[in-house]
2 protein chains.
Amino acid sequence: MDIASFDKASSAGFLANMMARLFENRLAAAIRPLGLTPAQFMTLLELWAEEGQTQAALVARLAVEQATMAGTLGRMERDGLIERRPHPSDKRAQTLHLTERARALEALATEAAQAVNARALAGLTPEEQALFLDLMARVIGRLGK
Amino acid sequence: MDIASFDKASSAGFLANMMARLFENRLAAAIRPLGLTPAQFMTLLELWAEEGQTQAALVARLAVEQATMAGTLGRMERDGLIERRPHPSDKRAQTLHLTERARALEALATEAAQAVNARALAGLTPEEQALFLDLMARVIGRLGK
DNA sequence: TCATATTACATAGCATGCTATTTATATGGA
DNA sequence: TCCATATAAATAGCATGCTATGTAATATGA
């Protein structure tokens with residue numbers, strides 16, 4: 001009967017984990033020359049789109065825990081990518097601003113990330129690529145409850 | 001022109017990361033009552049299939065770095081899931097063996113993991129599920145170079 | 001208005017993953 | 001046999017992610 005059988009090669013969770021680790025490793029290698037890490041890049045994407053956001057706003061947009069974002073922002077400040085300024089109306093909060101260094105990295109970093117995505121999907125037809133993104137979005141929606 | 005535009009909602013890497021974190025969080029919650037973590041579960045899958053493997057064998061099968069596996073095995077030994085025995089013919093190596101506690105967890109743990117997978121894929125037709133696994137495997141193959 | 005609840009953020013502790021280094025043992029060839 | 005190289009593990013250091021807590025400030029409602 002093999003009641004407890006579990007084939008990791010056909011486990012969605014196992015494949016998702018392996019795929020995500022590969023994506024992260026490739027992205028890390030691609031942006032390391034820029035002095036960036038994957039979490040920093042993800043955070044910069046939000047700040048390139050709109051500067052002056054609070055930590056809480058980034059937490060909501062990137063769907064990581066607040067403590068995780070606090071750690072990433074601390075390393076970004078340490079590395080000269082962002083500055084924190086007091087929030088104009090809420091003494092609990094701070095607004096987050098890019099340094100010149102961070103602004104200058106936008107084009108190179110996004111191109112590097114797009115290259116990783118392109119390489120990952122290179123074996124799929126355009127229709128398959130679109131379907132793949134759609135399927136991932138649907139699984140995310142389901143797991144997000 | 002928006003040369004540097006990057007829409008994370010349509011980035012395969014971003015979606016893969018989010019999906020994998022959700023899978024891992026759900027699995028962690030599901031097996032936490034058993035006293036297991038995701039990496040421990042993944043390692044147990046290999047040892048349930050074949051006891052007495054070396055660390056190097058697990059590294060090859062699970063595609064994590066040797067240092068990562070060493071850490072996971074250390075925590076598993078600490079938690080009473082595995083024992084290390086001297087390798088019969090190679091003094092550098094050790095063989096890894098399950099404790100009774102670990103053997104007793106196989107059915108419950110695999111059922112919990114299968115439930116997470118089933119829930120994640122519940123919104124997909126059987127054809128879409130098969131296609132999804134195939135697409136992930138192909139992307140993994142491509143990223144693995 | 002004042003007590004209570006909520007919110008923003010920091011911090012501690014831990015698991016997982018990676019790179020790099022070190023130590024001990026095996027192995028292959030000169 | 002001996003040396004150079006390869007292999008098995010351990011360890012250190014760091015990034016990311018999570019849970020759980022603590023603190024200060026704000027919002028809410030009786």
Side-chain angles (χ1 to χ4, degrees), chain A residues 13-14 16-32 35-44 53-60 62-79 81-82 84-96, chain B residues 13-14 16-32 35-44 53-60 62-79 81-82 84-96:
Chain A
F14 187 88
N17 174 269
M18 173 139 312
M19 182 173 69
R21 280 194 291 122
L22 285 168
F23 264 111
E24 180 158 3
N25 291 347
R26 299 306 180 200
L27 177 62
I31 61 180
R32 188 171 303 133
L36 295 179
T37 62
Q40 290 176 354
F41 171 69
M42 180 175 82
T43 305
L44 285 175
Q53 298 190 68
T54 63
Q55 181 182 119
L58 297 180
V59 163
L62 293 173
V64 296
E65 290 302 314
Q66 175 265 323
T68 299
M69 183 55 67
T72 296
L73 291 173
R75 287 184 290 274
M76 291 175 77
E77 186 172 38
R78 177 202 65 191
D79 296 347
L81 292 166
I82 59 167
R84 302 186 211 226
R85 299 183 196 156
H87 190 283
S89 64
D90 188 336
K91 287 177 189 162
R92 295 169 303 181
Q94 298 168 297
T95 56
L96 300 164
Chain B
F14 187 87
N17 175 270
M18 172 138 313
M19 182 172 70
R21 280 194 291 121
L22 285 167
F23 264 111
E24 182 158 2
N25 290 347
R26 298 307 180 199
L27 177 62
I31 62 180
R32 188 171 302 133
L36 295 179
T37 62
Q40 290 177 353
F41 171 69
M42 180 175 81
T43 305
L44 285 176
Q53 297 190 69
T54 63
Q55 182 182 119
L58 297 180
V59 163
L62 294 172
V64 296
E65 292 301 314
Q66 175 265 325
T68 299
M69 183 54 67
T72 297
L73 291 173
R75 286 184 290 275
M76 290 175 76
E77 186 172 37
R78 177 201 66 190
D79 296 348
L81 292 166
I82 60 167
R84 303 188 211 224
R85 299 184 196 155
H87 190 283
S89 64
D90 188 335
K91 286 178 189 163
R92 295 169 303 180
Q94 298 167 298
T95 56
L96 299 164

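- Along DNA chain C, read 5' to 3', the first and last nucleotides having any atom under 4.0 Å from a heavy atom of chain B are C:dA15 to C:dA26.
- Contact record, B:Thr54 with B:Leu96: C-CD1, 4.0 Å, taken as the closest heavy-atom pair.
- Taking a 4.0 Å limit (strictly below) on heavy-atom distances, residues 62-75 of chain B reaches DNA chain C at B:Val64, B:Glu65, B:Ala67, B:Thr68, B:Arg75.
- With hydrogens and angles left out, the side chain of B:Arg92 and the base of D:dT7 share a donor-acceptor pair within 3.5 Å.
- Distance CG (A:Asp90) to P (D:dA25): 10 Å, rounded to an integer number of Å.
- Distance check, rounded to the nearest 0.5 Å: OG1 of A:Thr43 to CE of A:Met76 gives 5.0 Å.
- In summary, the side chains of B:Gln55 and B:Gln94 do not present any donor paired with an acceptor at a separation below 3.5 Å, with no hydrogens or angles considered.
- The shortest non-hydrogen separation linking B:Pro88 to B:Thr95 is CD-CG2, 4.3 Å.
- Map A:Ala56 and B:Asp79 each onto its nearest nucleotide of DNA chain C; the residue landing nearer the 5' end is A:Ala56.
- The CG atom of B:Leu27 sits 10.0 Å away from the CZ atom of B:Arg32 when rounded to the nearest 0.5 Å.
- The two residues B:Pro38 and B:Ile31 come nearest to each other via the heavy atoms N-CD1, 3.8 Å.
- Of the residues near DNA chain D, A:Lys91 and B:Ala57, the one whose nearest nucleotide (by heavy atom distance) lies more toward the 5' end is B:Ala57.
- B:Arg32 places its CZ atom 7 Å from the P atom of D:dT19, with the value rounded to the nearest Å.
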Donor-acceptor pairs are to be reported for all side-chain atoms of residues 16-25 of chain A against protein atoms at under 3.5 Å, with residues two or more places apart or in another chain.
residue: A:Asn17; atom: OD1; partner: A:Arg21; partner atom: NE; Å: 3.2
residue: A:Arg21; atom: NH1; partner: B:Ala63; partner atom: O; Å: 2.8
residue: A:Asn25; atom: ND2; partner: A:Arg21; partner atom: O; Å: 3.3

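- Between A:Gln66 and A:Val59, the closest heavy-atom pair is CA-CG2, 3.6 Å.
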